[in-house]
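By convention in this document, chain letters (A, B, ...) are assigned in the order of the sequence lines, proteins followed by strands, and residues within each chain are numbered from 1. These figures come from a predicted structure and were not determined experimentally. Only this structure's heavy atoms are used, side chains among them; waters, hydrogens and symmetry mates stay out.
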There are 2 protein chains.
Amino acid sequence: MNTLAYALLSFLARRPMSGYDLMLAIQPLWQAKHSQIYPLLAKLETEGHVDYVLVEQKDKPDKKVYSITESGHVALQDWLQQPSGDPIIRDEMVLKLYTLWLGDHASAKRVVEERIAYFRKRLQRLEVTLADVQDEHSEVLTEPDILSPVFTRLKLLERAITTARLELDWCFDFLKQIEQSEKKPR
Amino acid sequence: MNTLAYALLSFLARRPMSGYDLMLAIQPLWQAKHSQIYPLLAKLETEGHVDYVLVEQKDKPDKKVYSITESGHVALQDWLQQPSGDPIIRDEMVLKLYTLWLGDHASAKRVVEERIAYFRKRLQRLEVTLADVQDEHSEVLTEPDILSPVFTRLKLLERAITTARLELDWCFDFLKQIEQSEKKPR
DNA sequence: CCTGTCATGTAAACGGTTACATGATTCC
DNA sequence: GGAATCATGTAACCGTTTACATGACAGG
């Protein structure tokens with residue numbers, strides 16, 4: 001059982017989904033391709049942590065809708081009690097920022113602007129998602145309940161948005177400093 | 001040539017180092033074990049991007065001190081111009097936060113407190129490093145120069161510290177909300 | 001007609017971790 | 001005496017990405 005397996009169980013604990021749905025839903029929290037998810041779901045099924053029903057569709061291809069089993073719930077609960085692995089960040093752009101001194105002002109600008117574009121896009125996506133969640137679940141705002149699945153989702157969304165804004169601010173500050181040092185060359 | 005290879009070149013462009021030194025220095029920007037770094041350095045050497053001299057030591061084991069070559073510099077510069085991969089974050093604790101609604105207040109607290117402990121430690125390490133860099137390079141503060149290797153390092157350190165503080169604030173806020181909802185049970 | 005979405009799978013290759021292997025020195 | 005640091009390497013395994021493979025429907 002790896003982390004992705006628990007991630008799948010966690011999503012299935014919220015609602016039954018197909019492997020395709022899971023693949024899309026899981027992206028913000030744990031990047032994974034369908035080629036990793038489908039075999040894992042099959043493995044979780046043989047272990048009895050999930051089961052599925054084949055749902056036939058007319059306009060779209062048939063699908064397997066997976067649900068978490070009692071055994072899966074136990075595994076999830078157990079995982080929650082275990083100590084977690086440290087966060088791992090693989091950010092190629094940060095590595096390039098670290099290497100900027102090798103180049104010139106123009107290439108420095110390009111790297112920072114690429115980063116701005118990325119976080120602008122990300123921030124926009126996050127804000128749309130937040131608005132959607134708030135629309136569909138107005139009750140969470142008036143009566144916050146930690147043990148509701150929507151509350152934790154909202155909290156994580158807010159956190160992601162604050163972080164993205166911070167990253168953008170940092171980039172703008174950096175850009176300004178680059179432009180200032182361009183004006184007064186040594 | 002993968003990202004780790006460019007990371008190694010980037011560090012060697014700052015100063016010649018052994019594989020062991022690289023392994024330690026690279027951790028904050030790109031996690032990698034020595035078992036990945038040593039073979040990669042050998043590969044980079046056969047490709048002519050780095051070379052090394054064997055330095056014999058009396059009190060410690062001998063070491064290979066690697067330097068970047070002209071060809072390595074060209075490869076690095078080329079990489080800087082290429083578009084970067086999106087940042088990838090694998091944070092098991094975030095996944096658990098997302099799953100908190102399944103458990104009770106006590107287990108929710110435990111997960112958040114584990115996260116607080118992690119970021120407290122990280123913040124402390126980062127602050128010590130920042131102080132060290134500022135001590136050794138006071139010139140960067142009085143006359144900031146974007147194209148100096150210390151400047152980019154300092155900028156990234158400041159960014160990491162701000163992010164860690166933000167994570168901690170978020171955790172404390174979450175903890176408070178958990179405790180509040182404990183007092184008024186539904 | 002072509003591209004994108006829905007839907008599921010397998011195989012090969014690459015990236016990364018854990019374990020195996022060795023050995024001297026230093027510090028508790 | 002035992003653990004930690006310095007130092008380099010290999011091998012097996014696990015996790016992840018990319019490519020191969022198929023097919024129907026919808027929209028521009």
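Of the N and O atoms on the side chains of B/Thr129 and B/Asp132, not one donor lies less than 3.5 Å from an acceptor on the other residue. Between B/Ser107 and A/Gln81, the side chains place no donor N or O within less than 3.5 Å of an acceptor N or O (distance only, hydrogens not considered).
Checked against ring-ring contact (aromatic ring centres under 6.0 Å, His included), A/Tyr118 has no partners two or more places apart in sequence or in another chain. For the side-chain hydrogen bond (donor to acceptor under 3.5 Å, both in side chains) test, no residue two or more places apart in sequence or in another chain qualifies with B/Ser148. When the side-chain hydrogen bond (donor to acceptor under 3.5 Å, both in side chains) test is applied to B/Thr3, no partner is found at least two apart in sequence or on another chain. Listed by chain and number, the residues in a side-chain hydrogen bond (donor to acceptor under 3.5 Å, both in side chains) with B/Arg120 amount to none (sequence neighbours excluded).
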Could you list the protein-to-nucleotides 22-28 of chain C atom pairs, N/O on both sides, closer than 3.5 Å?
none

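Judged as a salt bridge (Lys or Arg N to Asp or Glu O under 4.0 Å), not a single pair has a partner in residues 64-82 of chain A (not counting sequence neighbours). Judged as a salt bridge (Lys or Arg N to Asp or Glu O under 4.0 Å), the pairs with a partner in residues 34-62 of chain B (not counting sequence neighbours) are, in order, B/Lys43-B/Glu47.
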Would you be so kind as to tabulate the donor-acceptor pairs closer than 3.5 Å made by side chains of residues 159-180 of chain B, with sequence neighbours excluded?
| unit_1 | atom_1 | unit_2 | atom_2 | d |
| --- | --- | --- | --- | --- |
| B/Arg159 | NE | A/Glu167 | OE1 | 3.0 |
| B/Arg159 | NH2 | A/Glu167 | OE2 | 2.9 |
| B/Thr162 | OG1 | B/Glu158 | O | 2.8 |
| B/Thr163 | OG1 | B/Arg159 | O | 2.8 |
| B/Arg165 | NH2 | B/Glu127 | OE2 | 2.7 |
| B/Glu167 | OE1 | A/Arg159 | NE | 3.0 |
| B/Glu167 | OE1 | B/Arg115 | NH2 | 3.3 |
| B/Glu167 | OE2 | A/Arg159 | NH2 | 3.0 |
| B/Trp170 | NE1 | A/Lys155 | O | 3.2 |
| B/Asp173 | OD2 | A/Lys155 | NZ | 2.4 |
| B/Gln177 | OE1 | A/Lys155 | NZ | 3.1 |

Atom pairs and distances, side-chain donor-acceptor, residues 25-35 of chain B, under 3.5 Å, sequence neighbours left out:
| unit_1 | atom_1 | unit_2 | atom_2 | d |
| --- | --- | --- | --- | --- |
| B/Gln27 | NE2 | B/Met23 | O | 2.7 |
| B/Gln27 | NE2 | B/Ala32 | O | 2.7 |
| B/Gln31 | NE2 | B/Gln27 | O | 2.9 |

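Between B/Met23 atom CE and D/dT5 atom P the separation is 11 Å, expressed in whole Å. Between A/Glu56 atom CD and C/dC6 atom C1' the separation is 16 Å, expressed in whole Å. At whole-Å resolution of the value, CD in B/Glu45 and P in D/dT8 are 13 Å apart. Remark: C1' of C/dG9 and CD1 of A/Ile37 are 13 Å apart, rounded to the nearest angstrom.
Membership of the apolar cluster around A/Val53 extends to A/Val55, A/Val65, as traced through chained side-chain contacts below 4.5 Å between ILVMFWY residues.
For the helix from C/dC1-D/dG28 to C/dC28-D/dG1, the axis fitted to the five pairs at one end and the axis fitted to the five pairs at the other end meet at an angle of 40° (nearest 10 degrees).
Checking the phosphate oxygens (OP1, OP2) of D/dC6, no side-chain nitrogen or oxygen of B/Gln57 falls inside 4.0 Å.
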Exercise. Quick one, give me the B/S/- string for nucleotides 10-18 of chain D, reading 5' to 3', where B means a protein heavy atom under 4.0 Å from the base and S means that only happens at the primed atoms, P, OP1 or OP2.
Key: BB---SSBB

